[in-house]
**Q** 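Sharing a structure here in C-alpha cells format.
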Amino acid sequence: GSFVIITNPKTGEILAMAGKQLKQNDDGSYSVIDFTSGVTQSTAVMGSVVKGASHIVGYNNDALKIGEIRYDNCVKIAATPEKCSWKYLGRLNDITALAQSSNTYQYYTAIKVGKGNYQYNKPLVIDKEAFNIYRNTFAEFGLGVKTGIDLPKEITGIKGNDSTSGLLLDLSIGQNDTYTPIQLAQYISTIANNGTRMQPYLYKGLYNDKSSYDQNQKELNKVNTEQKYMDRVHEGFKAVMSYGLGVGYIDKMYKPAGKTGTSQSFVDTDGDHKIDKETISTTFVAYAPYDDPKVTFTIVSPNISRPDGRTDHQSAINKRLADRVSKKYFEIYP
C-alpha cells in the first residue's frame with residue numbers, strides 16, 4: 001500500500017491525503033481498499049528520509065562540521081555484521097552524503113554523538129544519552145511525537161527499547177524507531193519552514209450568512225539550531241533532487257528539494273502477533289519551490305517487497321506517485 005500527503009508548509013493546512021492498501025481476498029484475488037486512516041494510525045520504519053534531522057543532531061553536538069569530508073567505508077562492530085551504505089560511495093561531504101544517501105556518513109556522526117571510540121571489528125561503547133539527543137531533536141521536527149492534527153486517535157509510533165551501540169547507528173538512518181505518515185509530513189514541512197513546526201489541520205473554516213470562523217494557524221515549536229545548519233540541509237535536499245537519488249521524482253522546473261528513503265521492516269503476516277517476515281519499505285519527502293516553499297509532498301509505501309530472493313523486485317511506486325501528484329498540484333496551483 002501507499003500513503004500520500006500534500007500540505008502547505010507555511011500554514012500547516014493539509015491540501016490532500018490518501019491511503020490505499022492491497023488486500024488479498026479468501027479466493028486469492030486482490031482488492032484495493034481505502035486506508036486513509038493509516039495516515040495517523042499506522043507506523044513504518046521510514047529510513048533515510050530522516051537524515052536531514054540527523055545532520056542537525058551532528059551539527060548541534062560538534063559531531064559534524066560544515067563541509068566535512070569522510071570516506072564511505074563500512075562500519076564493523078565486534079560480533080555484528082558490517083554496516084554499509086547501499087553501495088560504496090567514495091569521498092563525501094555533508095551535501096553529497098545526503099544526495100547519495102550515505103549510511104556510513106551518518107554512522108560516524110552517531111559514534112561522535114555517542115562519544116564512542118570506533119575501531120574496526122572491536123567493541124563499541126557509546127554514551128546511552130545519545131539516544132535521547134537524537135530523539136529529542138527528531139521530536140522538534142515532529143518525528144516520534146503527536147503532530148496535533150485535528151483528527152482523533154493519532155498515535156506516536158514505537159521507540160526501540162534497546163540501547164546497544166549498533167542501534168544508535170540504526171536510529172541515525174531511520175532504521176530503529178517507527179513514525180506515522182503524518183509525522184513525516186510535519187518533518188518535511190518543518191525543514192521547508194527553516195525549522196518552524198506547524199500544527200497540521202484539515203478543518204479550514206466555517207462560513208455562513210451570519211458568522212464565519214477560520215482555523216488559526218498554530219506554531220508548535222522551532223528547531224533548536226542555527227540557520228547556517230538548516231541552510232546546509234536545504235542544500236543537501238536540493239542536491240538529492242538535482243543529481244542525487246531523487247532525480248526524476250519531481251520535474252526540475254518546479255525547483256524541488258527532498259529526500260528518498262528505503263528501510264528494512266518486519267511484519268506479522270499471519271496474524272499470530274509474532275514478527276515473521278522481513279520486508280522493504282520506501283519513503284519520499286519533498287518541498288517546492290526550494291527558494292520559497294509553498295507545498296510539501298510525503299509518500300510512504302510500507303512493506304512493498306520481500307528481500308527473500310523470490311520477490312525482491314522493488315516497485316518504483318514512490319517515483320511514479322511523486323511525478324503524478326506534483327504535476328497535478330502545479331496544474332491546479334501554477
**Q** Is there a donor-acceptor pair under 3.5 Å between the side chain of Asn60 and the backbone N or O of Asn224?
**A**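 Flag set: sc Asn60 to bb Asn224 pair under 3.5 Å.
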
**Q** Check this for me: Lys122, atom NZ, are more than 12 non-hydrogen atoms of other residues, nucleotides or ligands nearer than 6.0 Å?
**A**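 No, because the 6.0 Å sphere around NZ of Lys122 holds 12 heavy atoms or fewer from other groups.
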
**Q** Do Asp231 and Gln227 have side-chain N/O donor and acceptor atoms under 3.5 Å apart?
**A**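 Checked: Asp231/Gln227 side chains pair up, N/O donor to acceptor below 3.5 Å.
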
**Q** If you measure from the Lys or Arg side-chain nitrogens to the Asp or Glu carboxylate oxygens, is any gap between Glu13 and Lys204 under 4.0 Å?
**A**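 Yes, charged N to carboxylate O under 4.0 Å.
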
**Q** With distance as the sole test, does Lys51 use its side chain to make a donor-acceptor pair with the main-chain N or O of Ser102 at under 3.5 Å?
**A**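 Side chain of Lys51 to backbone of Ser102, a donor-acceptor pair under 3.5 Å: yes, one is there.
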
**Q** Under the 3.5 angstrom rule, does the side chain of Ser326 hit a backbone N or O of Ala322 as a donor-acceptor pair?
**A**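 Between the backbone of Ala322 and the side chain of Ser326 there is a qualifying donor-acceptor contact (under 3.5 Å).
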
**Q** Between Asp323 and Lys319, does any side-chain N to carboxylate O distance fall below 4.0 Å?
**A**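 No, no charged N to carboxylate O under 4.0 Å.
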
**Q** Between Gln186 and Thr147, is there a donor-acceptor pair closer than 3.5 Å when you use the side chain of the first and the backbone of the second?
**A**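 Pair found, side chain donor or acceptor close to backbone of Thr147.
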
**Q** Is there side-chain contact between Ile332 and Lys328, with at least one heavy-atom pair below 4.5 Å?
**A**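 Ile332 reaches Lys328 side chain to side chain.
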
**Q** Where do Tyr105 and Ala97 come nearest, in terms of heavy atoms and distance?
**A**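 Closest approach of Tyr105 to Ala97: CG-CB, 3.4 Å.
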
**Q** Leu169 versus Lys83: any side-chain heavy-atom pair under 4.5 Å?
**A**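 They are in contact (side-chain heavy atoms under 4.5 Å apart), so the answer is yes.
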
**Q** Heavy-atom count check: over 12 atoms from other residues, nucleotides or ligands less than 6.0 Å from Arg324 CZ?
**A**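 For Arg324, atom CZ is not crowded (no more than 12 foreign heavy atoms under 6.0 Å).
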
**Q** For the residue pair Thr7 / Thr296, report whether a side-chain donor-acceptor contact shorter than 3.5 Å exists.
**A**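 The answer is yes; a qualifying pair exists.
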
**Q** So which heavy atom on Ala110 is nearest to which on Tyr134, and how close?
**A**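 So the two residues come closest at CA-OH, 3.3 Å.
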
**Q** Are a donor atom and an acceptor atom from the side chains of Lys222 and Thr196 found within less than 3.5 Å of each other?
**A**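 Yes, side-chain donor-acceptor contact under 3.5 Å.
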
**Q** Judged by atom type as modelled, is there a donor-acceptor pair below 3.5 Å linking the side chain of Asp251 to the main-chain atoms of Met253?
**A**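 Yes; judged by distance alone, with no hydrogens or angles, the pair exists.
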
**Q** So, for Tyr243 and Ala99, which heavy atoms are closest and what is the spacing to 0.1 Å?
**A**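 For Tyr243 versus Ala99, the nearest heavy atoms are CE1-CB, 3.7 Å.
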
**Q** Using a strict threshold of under 4.0 Å (side-chain N to carboxylate O), is an ion pair present between Arg232 and Glu235?
**A**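 Looking at Glu235 and Arg232, the cut-off is not met.
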
**Q** Any sub-3.5 Å donor-acceptor pair from Thr80's side-chain atoms to Lys76's backbone N or O?
**A**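 Looks like no, no N/O pair under 3.5 Å.
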
**Q** Examine Tyr249 together with Phe297 and report whether their ring centres are nearer than 6.0 Å.
**A**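 Ring centres of Phe297 and Tyr249 not closer than 6.0 Å.
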
**Q** Find out if a path of hydrophobic residues (ILVMFWY) with successive side-chain heavy-atom gaps under 4.5 Å connects Met230 to Val49.
**A**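 Yes: a chain of side-chain contacts under 4.5 Å links Met230 to Val49.
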
**Q** At their closest point, which heavy atom of Asn121 faces which heavy atom of Ala78, and how far apart are they?
**A**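 Heavy atoms of Asn121 and Ala78 come nearest at O-CB, 3.6 Å.
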
**Q** Rounded to the nearest 0.5 Å, what's the gap from CG on Asn103 to CG on Asp72? Could you check?
**A**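 Atom-to-atom, Asn103:CG and Asp72:CG are 8.0 Å apart.
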
**Q** For Tyr59 and His55, take the angle between the two ring planes, folded into 0 to 90°, and tell me which bin it lands in: parallel under 30, tilted 30 to 60, perpendicular over 60.
**A**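 Ring orientation, 0 to 90° scale: perpendicular.
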
**Q** Any heavy-atom pair between the side chains of Phe3 and Met17 that's under 4.5 Å?
**A**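 Counting from C-beta outward, Met17 and Phe3 never come under 4.5 Å.
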
**Q** So Tyr254 and Phe330, would you call those rings parallel, tilted or perpendicular, with 30° and 60° as cut-offs?
**A**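 Parallel.
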
**Q** Check Lys128 against Ser163 and note the closest heavy-atom contact, atom names and distance.
**A**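 Where Lys128 meets Ser163 most closely, the heavy atoms are CE-OG, 3.0 Å.
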
**Q** Okay, side chain of Asp127, backbone of Lys115: is any donor-acceptor separation there less than 3.5 Å?
**A**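 Flag not set: sc Asp127 to bb Lys115 has no pair under 3.5 Å.
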
**Q** Minimum heavy-atom separation for Thr298 and Ile188, please, with both atom names.
**A**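 Of all heavy-atom pairs spanning Thr298 and Ile188, the closest is OG1-CG2, 3.6 Å.
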
**Q** Are Ile155 and Ile158 in one and the same hydrophobic cluster, where Ile, Leu, Val, Met, Phe, Trp and Tyr link if side-chain heavy atoms are under 4.5 Å apart?
**A**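 The answer is no; the residues belong to distinct hydrophobic clusters.
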
**Q** Just by modelled atom types, is the Thr40 backbone N or O under 3.5 Å from a matching donor or acceptor in the Glu154 side chain?
**A**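 Here the side-chain-to-backbone pair does not exist.
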
**Q** Quickly, which of Ser263, Ser85, Ser101 forms a side-chain contact (heavy atoms from CB on, under 4.5 Å) with Ser48? Name it, please.
**A**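 Looking at Ser263, Ser85, Ser101, the match for Ser48 under the side-chain contact (heavy atoms from CB on, under 4.5 Å) is Ser101.
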
**Q** Take atom CG of Asp27 as the centre, draw a 6.0 Å sphere, and report whether it contains more than 12 heavy atoms from other residues, nucleotides or ligands.
**A**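 Counting neighbours around CG of Asp27, more than 12 heavy atoms of other residues, nucleotides or ligands fall under 6.0 Å, so yes.
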
**Q** Inspect the contact between Asp94 and Lys65 and indicate whether a charged nitrogen and a carboxylate oxygen are less than 4.0 angstrom apart.
**A**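 Result for this pair is no, no salt bridge flagged.
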
**Q** Just checking, any donor-acceptor pair under 3.5 angstrom between side chains of Glu68 and Asn93?
**A**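 Side-chain D/A pair, Glu68 to Asn93: absent.
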
**Q** Between the main-chain N or O of Leu124 and the side-chain N or O of Ser165, is there a donor-acceptor pair closer than 3.5 Å?
**A**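 The answer is yes, because a donor-acceptor pair under 3.5 Å joins these two groups.
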
**Q** Any side-chain heavy atom of Thr109 sitting closer than 4.5 Å to one from Val57?
**A**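 Answer no - side chains too far apart.
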
**Q** Verify, without hydrogens or angle tests, whether Ser54 (side chain) and Ser172 (backbone) share a donor-acceptor contact under 3.5 angstrom.
**A**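 Such a contact is found between Ser54 side chain and Ser172 backbone.
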
